[in-house]
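Have a look at the structure below, then the notes.
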Amino acid sequence: MEPGGELTTRQSRWRPRTLALAGAAWLLAAVFLFPYLEMVVTALRPADELRDATYLPRHFAWSNFVGVWQESTLGGNLRVTLLVAGGSTLLALLVALPAAYYTARVRYRGRRLFLLLVLVTQMFQPTSLLVGLYREFYQLSMLNSVWTLILCNAAFNLAFAVWILTAYISSIPVELEEAAMLDGLGRVGALRRVVLPLALPGVVTAVIFTFISAWNEFVMGLTLSTDPGSQPLTVGINSFIGNYTVQWNYLFAGSVVAIVPVVVLFALIERHVVSGLTAGSVK
């Protein structure tokens, strides 16, 4: 690079507009991160310092993260949440992939209507169907069951998975599949060996959003699971809120435990999520 070009690059980094955008980005990040920092600080406060006006506690009570496991069913709740989030994600993906592939590749009659109906189902809130779901699973003797939560979470996240996968598979040239089938692969073989590797960012996007949605779900877990040991983590954390007192230190310690797995998972596959969300936007 020529000296003049390097100087121009350095000057562009220090332009007022660039500095203003960088400062605004850091400020926005601080605004979003501050509640999480407050959550961690409160989780480390001793019980006798919860009402202190100081921002940082005088003594850090690391024992809160031990007590939250001993004085609650948090361990069982975490196991249930892992099973529900993982099972519903797998089930939704197994159903969404064939549906999205067929919708993306076959121009059948009613295709646009089907995609519209898939989009419309996203407007339904689980709370509007809870009474019917409760009656149905009560008659089937499936209350307080992990399978019940898996089926419900998979059903409510299926529409988004089909939509995002349809958009991504549509952006993959069909000529690649035709070439694979000319080499002896069938439709299923082309899907498994050609389409799925190329559609990996879209698959990861569907996986992470379905997993996070199932992980954070509260209302269905509260309604369909009344046994404390069979409730998901979000409902188990809510048990620290009593009628007259709130165990804030345990409540926030449990919240920290609840967000760590999702944050780690999202950080590991974030680049696939970004590319998957932009799938189909440019052809």
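Please read all numbers here as calculations on a predicted model, not as lab measurements.
Of the possible polar contacts, none joining the Asn64 side chain to the Ala253 backbone as a donor-acceptor pair under 3.5 Å is found. Not one N or O on the side chain of Glu38 forms a donor-acceptor pair closer than 3.5 Å with the backbone of Val41. Between the side chain of Thr81 and the backbone N or O of Leu233, at least one donor-acceptor pair lies under 3.5 Å. A donor-acceptor pair is defined here as one N or O able to donate and one able to accept, closer than 3.5 Å; no such pair exists between the side chain of Ser213 and the backbone of Phe209. In this structure, Asn77 contributes its side chain and Gln231 its backbone to a donor-acceptor pair below 3.5 Å. Of the possible polar contacts, one joining the Thr148 side chain to the Met142 backbone as a donor-acceptor pair under 3.5 Å is found. At distances below 3.5 Å, at least one donor-acceptor pair connects side-chain atoms of Ser239 with backbone N or O atoms of Gly236. A donor-acceptor pair under 3.5 Å links the side-chain atoms of Arg105 to the main chain of Ile169, judged by distance alone. Side-chain atoms of Glu175 never come within 3.5 Å of backbone atoms of Ala179 as a donor-acceptor pair (strictly under, hydrogens ignored). With hydrogens and angles ignored, the 3.5 Å screen pairs no side-chain donor or acceptor of Ser225 with any backbone N or O of Asp227.
Note on Leu90 and Val207: separate hydrophobic clusters, where clusters join Ile, Leu, Val, Met, Phe, Trp and Tyr whose side-chain heavy atoms are under 4.5 Å apart, directly or indirectly. If you chain together hydrophobic residues whose side chains sit under 4.5 Å apart, Leu33 and Val31 never meet in one group. Transitive grouping of hydrophobic side chains (ILVMFWY, heavy atoms separated by less than 4.5 Å) brings Val264 and Ile212 into a common cluster. Each of Val131 and Phe137 belongs to its own hydrophobic cluster when Ile, Leu, Val, Met, Phe, Trp and Tyr are linked at side-chain heavy-atom distances under 4.5 angstrom. Cluster membership check: Val235 shares its hydrophobic cluster with Trp147, using side-chain heavy-atom separations under 4.5 Å among Ile, Leu, Val, Met, Phe, Trp and Tyr.
Atom CH2 of Trp248 sits in a sparse spot, with 12 or fewer heavy atoms from other residues, nucleotides or ligands closer than 6.0 Å.
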- Might you work through the side chain to side chain contact (heavy atoms under 4.5 Å, CB included) test for Phe240 and Val68, ending with a clear yes or no? CA-CA 9 Å; Phe240 294 115; Val68 74; 3.5 Å; yes
- Message: For Leu129 and Phe156: C-alpha separation, side-chain torsions, deciding distance, then whether side chain to side chain contact (heavy atoms under 4.5 Å, CB included) applies.
- Response: CA-CA 11 Å; Leu129 303 175; Phe156 281 106; 3.7 Å; yes
- Task: For Ile237 and Val257, run side chain to side chain contact (heavy atoms under 4.5 Å, CB included): C-alpha distance rounded to whole Å, both residues' side-chain angles, the deciding distance at 0.1 Å, then the answer.
- Result: CA-CA 10 Å; Ile237 293 175; Val257 173; over 6 Å; no
- Query: For Met39 and Ile259, what are the C-alpha separation, side-chain angles and deciding distance, and is it a side chain to side chain contact (heavy atoms under 4.5 Å, CB included)?
  - Reply: CA-CA 11 Å; Met39 178 177 62; Ile259 68 171; 3.3 Å; yes
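Across Leu158 and Ala92, no two heavy atoms sit closer than the pair CD1-O, 3.5 Å. The two residues Gly229 and Val80 have their closest heavy-atom pair at O-CG2, 3.8 Å. Counting all heavy atoms, side chain and backbone alike, Thr166 lies closest to Ser170 at O-OG, 2.7 Å. Taking every heavy atom of both residues into account, Gly75 and Trp69 meet most closely at CA-CZ3, 3.5 Å. Taking every heavy atom of both residues into account, Ala161 and Ile164 meet most closely at O-CG2, 3.4 Å. In this structure, Ala214 and Ala85 approach most closely via the heavy-atom pair CB-CA, 3.8 Å.
Annotation: side chain of Asn238 is in contact with side chain of Phe218 (closest heavy-atom distance under 4.5 Å). Side-chain contact check for Thr234 versus Glu217: every heavy-atom pair is 4.5 Å or farther apart. Ser88 places none of its side-chain heavy atoms less than 4.5 Å from the side chain of Leu149. Contact of the Ser230 side chain with the Ser145 side chain is not registered, since no non-hydrogen atoms from C-beta on lie closer than 4.5 Å. Looking at Leu97 and Leu196, their side chains come closer than 4.5 Å, going by heavy atoms from C-beta outward. By the 4.5 Å heavy-atom criterion applied to side chains, Trp215 and Leu82 are counted as neighbours. A 4.5 Å side-chain heavy-atom check between Phe252 and Leu44 finds every atom pair outside the cut-off. Side chains of Leu133 and Tyr138 form no contact here, defined as non-hydrogen atoms less than 4.5 Å apart.
Asn216 contributes atom CG, which lies 9.5 Å from atom CZ of Phe211 (distance to the nearest 0.5 angstrom). Expressed to the nearest 0.5 Å, how far CG of Leu198 lies from CZ of Arg193 amounts to 14.5 Å. For the atom pair Phe32 CZ and Leu28 CG, the distance stands at 5.0 Å (nearest 0.5 Å). Between the OG1 atom in Thr226 and the CG atom in Asn144 there is a gap of 3.5 Å [rounded to 0.5 Å]. Rounded to the nearest 0.5 angstrom, Phe160 CZ and Thr205 OG1 are separated by 7.0 Å. Note that OG of Ser255 is 10.5 Å distant from OH of Tyr36, once rounded to the nearest 0.5 Å.
Side chain to side chain, Asn249 and Thr42 fail the donor-acceptor criterion of an N or O pair below 3.5 Å.
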